[in-house]
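Below is one structure, written out as structure tokens; the observations come after it.
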Amino acid sequence: MASRSGGRGRGRGQLTFNMEAVGIGKGDALPPPTLQPSPLFPPLEFRPVPLPSGEEGEYVLALKQELRGAMRQLPYFIRPAVPKRDVERYSDKYQMSGPVDSAIDWNPDWRRLPRELKIRVRKIQKERTTILLPKRPLKTTEDKEETIQKLETLEKKEEEVTSEEDEEKEEEEEKEEEEEEEYDEEEHEEETDYIMSYFDNGEDFGADSDDNMDEAIY
Amino acid sequence: MTQAEIKLCSLLLQEHFGEIVEKIGVHLIRTGSQPLRVIAHDTRTPLDQVKKALCVLIQHNLVIYQVHKRGVVEYEAQCSRVLRMLRYPRYIYTAKTLYSDTGELIVEELLLNGKMTMSAVVKKVADRLTETMEDGKTMDYVEVSNTFVRLADTHFVQRCPLVPATENSDPGPLPPAPNLVINEKDMYLVPKLSLIGKGKRRRSSDEDATGEPKAKRPKHTTDNKEPSPDDGIYWQANLDRFHQHFRDQAIVSAVANRMDQTSSEIVRTMLRMSEITTSSNAPFTQPLSSNEIFRSLPVGYNISKQVLDQYLTLLADDPLEFVGKSGDSGGGMYVINLHKALGSLATATLESVVQERFGSRCARIFRLVLQKKHLEQKQVEDFAMIPAKEAKDMLYKMLSENFMSLQEIPKTPDHAPSRTFYLYTVNILSAARMLLHKCYKSVANLIERRQFETKENKRLLEKSQRVEAIITSMQATGAEEDQLQEIEEMITAPERQQLETLKRNVSKLDACEIQVDETIFLLESYTESTMKRQ
């Protein structure tokens with residue numbers, strides 16, 4: 001230990017090893033010290049080899065691009081919920097850009113998955129109504145939901161249903177809480193007055209040429 | 001998991017499944033096994049979204065779950081499986097070369113959906129094939145089933161672990177999660193189904209086959225109410241078997257490059273014979289006698305027995321040691337040294353990288369050190385016949401990039417640097433790992449750059465998509481030529497140029513990703529094979 005500290009004190013310029021063994025001769029100019037991290041895009045000395053082309057390469061490339069596009073359309077691609085815009089616009093009713101609710105679009109085999117991963121759809125509806133009417137007790141909101149559902153089932157079936165049958169149906173629906181997987185998309189769609197596919201965005205308006213001045217334009 | 005791997009996993013998940021799944025998946029990869037509530041709390045996402053994301057990840061075999069004591073279910077992500085998503089196009093193309101379009105579509109459906117029942121796969125594939133056929137022709141389910149059975153027999157698809165059948169009729173409280181088991185023997189057992197039917201063409205007109213107008217048709221899926229006969233038996237693609245096939249392909253093409261076509265055919269025959277008998281992790285195949293090989297050669301090859309023997313001797317004497325002789329009975333027993341072959345392939349990859357990055361002189365020094373194992377600096381200069389200054393410079397460059405390492409051999413017990421030998425050596429395993437890490441980083445960079453390019457030109461892409469939609473709708477309603485012309489001119493010439501450039505760049509970046517993935521496969525196979533032997 002004494003010799004080590006002694007060596008450090010005296011003769012600071014001396015190195016511990018023989019420089020010639022490493023290959024730096026006496027009087028050789030050492031490379032300048034590096035004072036900054038290496039550049040992000042260092043210049044390439046050699047150009048890279050060209051990519052393999054040919055039938056196989058092109059086919060695999062096309063496959064890759066197709067797969068990418070296809071996976072975005074599958075129900076497994078979960079889009080984040082659309083953030084609420086500042087003003088409610090009329091077209092919001094007709095443009096369903098985000099997920100309608102938290103239910104899953106596809107049907108997994110629930111027997112293979114842990115039970116805790118199942119999402120109950122009914123909860124969402126309850127939450128929605130409770131947000132709107134925070135003061136009323138839950139029971140009356142449930143009744144309101146049931147009446148709305150009743151009316152909608154009436155509209156859908158276009159039959160005259162007696163009140164007894166309605167009550168039975170509601171009881172069945174309550175019992176089937178666990179199996180509320182099949183979320184009725186139609187019910188939600190019926191909230192709007194018009195059929196979705198008929199709505200024209202108006203983007204094509206004006207794209208048609210106006211050159212044909214023979215017909216009068218009203 | 002290294003940072004580079006996590007970054008790559010994050011990009012892959014985001015591209016294929018969206019941001020929510022990416023957030024949950026990356027969190028699981030980083031932190032390991034966690035229960036549901038902890039995930040929701042740590043990632044600060046609503047519980048419902050976490051549930052959705054976990055369902056998607058489990059469906060695609062990227063996350064597994066385990067029930068711990070007190071009924072807590074913990075989820076664990078499989079990082080290496082996520083990285084396989086880069087290789088999906090290669091798997092599908094391999095299925096196409098082996099089993100033509102039907103096999104290709106079967107594997108594609110299985111990869112896109114994670115797991116499916118056999119009947120669901122057959123229906124979907126038949127429908128897709130019918131779409132591409134001419135009018136009036138349909139694809140029969142039987143043909144698709146046959147291809148599926150062939151895929152199962154050659155182990156390219158396998159069964160997923162099953163829910164155990166409950167014996168007692170009245171189970172108590174259900175376990176929080178099923179315990180999935182699979183028997184080794186049953187993994188490739190195809191259930192006896194009699195799928196009869198033909199593929200359906202999707203009608204574009206307003207009326208479907210029964211004549212009902214489209215608007216009134218109820219919006220239910222086309223599943224029947226009664227369960228299919230193979231309900232509960234799910235199939236997935238067996239990626240290990242595909243990897244075995246890629247490895248065999250690489251060995252055969254290496255032999256073909258080094259020697260000639262006939263010897264590569266011999267090696268291919270030997271590999272085919274050992275497909276089922278040898279497990280994919282074995283260091284060498286089972287010994288095969290020369291007589292057996294002679295009998296199993298493909299029909300078109302009529303080489304005499306002596307020529308075959310000569311070829312085998314040549315292969316066994318080759319310094320690369322792909323083929324080894326293990327005995328003399330039966331005309332000579334030969335094995336294929338899989339581990340050594342992978343090692344040679346990894347070494348060749350390293351040499352090629354050094355050559356392309358640093359130049360051919362550096363490559364000469366690299367090969368020299370590989371051959372001689374340990375060399376001093378002076379010896380390197382002498383053997384490689386390169387002037388001292390340049391040799392020193394190249395050695396240091398390779399050392400700083402971690403292709404080479406220094407081995408210290410002290411002359412005296414106090415390890416004084418002036419009295420120590422410093423030998424340059426190449427440790428193939430660590431160099432391969434370093435290169436693998438670089439590959440992951442490169443793929444991540446490529447994906448990022450591609451996303452950046454697409455985002456830069458997003459407005460232009462949307463405009464061109466809108467124009468195409470307008471053109472197709474106008475063509476459907478029967479528009480005139482000059483009207484179409486005018487619509488097409490909505491995209492100006494410089495914009496068209498920009499689109500062309502974008503398309504070319506994106507294709508180039510995609511092709512680069514595919515190329516880097518091939519290197520990743522070789523290096524990963526080598527590192528895995530080495531780890532298993534230790």
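Letters A, B, ... are given to chains in the order of the sequence lines, protein chains preceding strands, and every chain is numbered from 1.
Per-residue counts of heavy-atom pairs under 4.5 Å with chain B were compared for Arg68(A), Glu45(A), Arg72(A); the largest is that of Arg68(A).
For a residue to count as touching a neighbouring chain, one of its non-hydrogen atoms must lie under 4.5 Å from one of that chain's; by this rule Val21(B) touches chain A with the side chain only. For Gln14(B), the part lying under 4.5 angstrom from a heavy atom of chain A is the backbone only. Heavy atoms closer than 4.5 Å to chain B are found in both the backbone and the side chain of Leu61(A). Contact of Arg419(B) with chain A is not made at all, since no heavy-atom distance falls under 4.5 Å. Looking at Ala388(B), neither its backbone nor its side chain comes within 4.5 Å of chain A, counting heavy atoms on both sides. Contact of Arg450(B) with chain A is made through the side chain alone, with heavy-atom distances under 4.5 Å. Heavy-atom distances place the side chain of Glu104(B), and not its backbone, under 4.5 Å from chain A. Residue contact with chain B, scored on non-hydrogen atoms closer than 4.5 Å, involves the backbone and the side chain of Glu56(A) alike. Heavy atoms of Tyr422(B) lying under 4.5 Å from chain A are absent altogether. With a threshold of 4.5 angstrom between heavy atoms, Glu513(B) approaches chain A through side-chain atoms but not through N, CA, C or O.
Between Glu356(B) and Arg47(A) the shortest heavy-atom distance is OE1-O, 4.4 Å. Of all non-hydrogen atoms in Phe77(A) and Glu15(B), the two that sit nearest each other are CE1-O, 3.6 Å. Nearest approach of Leu112(B) to Tyr76(A), heavy atoms of both residues: O-CE1, 3.6 Å.
For the side-chain contact (heavy atoms from CB on, under 4.5 Å) test, no residue two or more places apart in sequence or in another chain qualifies with Ser442(B).
Screening Gln49(B), Glu19(B), Lys52(B) against Ile78(A) for a side chain to side chain contact (heavy atoms under 4.5 Å, CB included) leaves a single residue, Lys52(B).
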Would you check, one step at a time, whether the test side-chain contact (heavy atoms from CB on, under 4.5 Å) holds for Lys96(B) with Leu63(A)? CA-CA 11 Å; Lys96(B) 185 188 171 79; Leu63(A) 254 180; over 6 Å; no
Steps toward side-chain contact (heavy atoms from CB on, under 4.5 Å) verdict (Leu67(A), Leu111(B)): CA-CA 10 Å; Leu67(A) 268 179; Leu111(B) 284 173; over 6 Å; no
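Among residues at least two apart or in separate chains, ring pair (Phe, Tyr, Trp, His ring centres under 6.0 Å) pairs with a member in residues 36-72 of chain A are Tyr59(A)-Tyr93(B).
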